[in-house]
Chemist: 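Below is a structure I'd like to ask you about.
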Amino acid sequence: MAAAGAVRLRRAASALLLQSPRLPVRELSAPARLYHKKVVDHYENPRNVGSLDKTSKNVGTGLVGAPACGDVMKLQIQVDEKGKIVDARFKTFGCGSAIASSSLATEWVKGKTVEEALTIKNTDIAKELCLPPVKLHCSMLAEDAIKAALADYKLKQEPKKGEAEKK
């Protein structure tokens, strides 16, 4: 219920920034001008928001943050028995570019193998979202979150010391 309210609030704020009848399009406020329409789309309609069961053996969780700006990103992946990422979720506390980067990252990892997901680079995310140089750290966070989630998943796949000794 709270998530729906947050989405409505973001949409209302975006509508005020982007469609204000008092400001012609060429005179939009600075915050609205900084965001490309792809960022606004992922911000207003974030894909794959939520959480997966972090205790599950087939779920990897990556939690990363940028102390300089205060952005925090949690990205989770769910991997099937064949090593394919079948689901991804995120929760991000940060600016529109951080939320958009997280949203796009979850879309891109779905359907990929664990190894294929490792090839996703921050530069690809930044290029797709048309991020300005001042927002590149957001795409770096997304790449770091993907790598952290994959590392957590791989760690869970290793046999525990007690299990390895039994065999």
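The figures here come from the full heavy-atom set of this structure, side chains too, leaving out hydrogens, waters and symmetry mates.
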Chemist: Taking the side chain as everything from C-beta on, heavy atoms only, tell me whether Val49 gets closer than 4.5 Å to Phe90.
Modeler: yes
Chemist: Are more than 12 heavy atoms from other residues, nucleotides or ligands located less than 6.0 Å from atom NZ of Lys54?
Modeler: no
Chemist: Rest of the hydrophobic cluster containing Met73 (Ile/Leu/Val/Met/Phe/Trp/Tyr, side-chain heavy atoms under 4.5 Å)?
Modeler: Val64, Leu141
Chemist: Atom CG of Asp80 and atom CG of Asp87: how far apart are they, to the nearest 0.5 Å?
Modeler: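 It comes to 11.5 Å.
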Chemist: Examine the side chains of Lys135 and Ser101 and answer whether a donor and an acceptor come within less than 3.5 Å of each other.
Modeler: no
Chemist: Going by heavy atoms in the side chains, are Ser56 and Gln78 under 4.5 Å from each other?
Modeler: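 Contact flag for Ser56/Gln78 side chains = no.
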Chemist: Just how far is it from atom CG of Asp124 to atom OG1 of Thr119, taken to the nearest 0.5 Å?
Modeler: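 One gets 8.0 Å once the value is rounded to the nearest 0.5 Å.
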Chemist: Do the side chains of Val114 and Val109 join up, straight or via other hydrophobic residues, at under 4.5 Å, putting them in one cluster?
Modeler: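 In one cluster: yes.
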Chemist: Please examine the side chains of Asp71 and Cys95, heavy atoms only from C-beta on, and report whether any two atoms are closer than 4.5 Å.
Modeler: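 SC-SC contact between Cys95 and Asp71 confirmed.
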Chemist: Got a donor-acceptor contact below 3.5 angstrom from the Lys38 side chain to the Glu128 backbone?
Modeler: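 Between the backbone of Glu128 and the side chain of Lys38 there is a qualifying donor-acceptor contact (under 3.5 Å).
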Chemist: Minimum heavy-atom separation for Tyr153 and Val59, please, with both atom names.
Modeler: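 So the minimum-distance heavy-atom pair works out to CD1-N, 4.5 Å.
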Chemist: Between atom CG of Asn58 and atom CD of Gln157, what is the distance when rounded to the nearest 0.5 Å?
Modeler: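 These two atoms lie 7.5 Å from each other.
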Chemist: Which atoms form the tightest heavy-atom contact between Gly111 and Glu116, and what is the distance?
Modeler: O-OE1, 4.4 Å
Chemist: Quick one: closest heavy-atom pair of Ala117 and Ile146, and the distance?
Modeler: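 That would be O-CG2, 3.8 Å.
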Chemist: Are Leu118 and Ile125 connected, step by step, through hydrophobic side chains (Ile, Leu, Val, Met, Phe, Trp, Tyr) whose heavy atoms are closer than 4.5 Å?
Modeler: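 Yes, Leu118 connects to Ile125 through the hydrophobic network.
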Chemist: Is there a side-chain contact between Leu136 and Asn122, using heavy atoms and a 4.5 Å cut-off?
Modeler: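 SC-SC contact between Leu136 and Asn122 ruled out.
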Chemist: I need the minimum non-hydrogen distance between Ser102 and Thr92, along with the two atoms involved.
Modeler: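 So the minimum-distance heavy-atom pair works out to OG-OG1, 2.6 Å.
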Chemist: Could you report the tightest heavy-atom contact between Arg47 and Asp41, atom names first, then the distance?
Modeler: NH2-OD2, 2.7 Å
Chemist: Could you check whether any side-chain N or O of Ser103 sits under 3.5 Å from a backbone N or O of Ile99, counting only pairs where one atom can act as donor and the other as acceptor?
Modeler: no
Chemist: If you measure from CG on Leu129 to OG on Ser139, what distance do you get to the nearest 0.5 Å?
Modeler: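 Separation between the atoms: 8.0 Å.
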Chemist: CD1 of Ile77 to CZ of Arg89: how many Å apart, nearest 0.5 Å?
Modeler: 13.5 Å
Chemist: Walk me through whether Glu115 and Lys154 qualify under salt bridge (Lys or Arg N to Asp or Glu O under 4.0 Å).
Modeler: CA-CA 11 Å; Glu115 295 307 314; Lys154 287 180 177 181; 3.2 Å; yes
Chemist: Within the distance-only criterion (no hydrogens, no angle test), does the side chain of Lys156 pair as donor or acceptor with the backbone N or O of Gly60 below 3.5 angstrom?
Modeler: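 Side chain of Lys156 to backbone of Gly60, a donor-acceptor pair under 3.5 Å: no, none is there.
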Chemist: Provide the closest heavy-atom pair for Ile120 versus Glu143 in the form atom of the first, atom of the second, distance.
Modeler: O-CG, 3.7 Å
Chemist: If you measure from NZ on Lys112 to CD1 on Ile85, what distance do you get to the nearest 0.5 Å?
Modeler: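 Between atom NZ of Lys112 and atom CD1 of Ile85 there are 8.5 Å.
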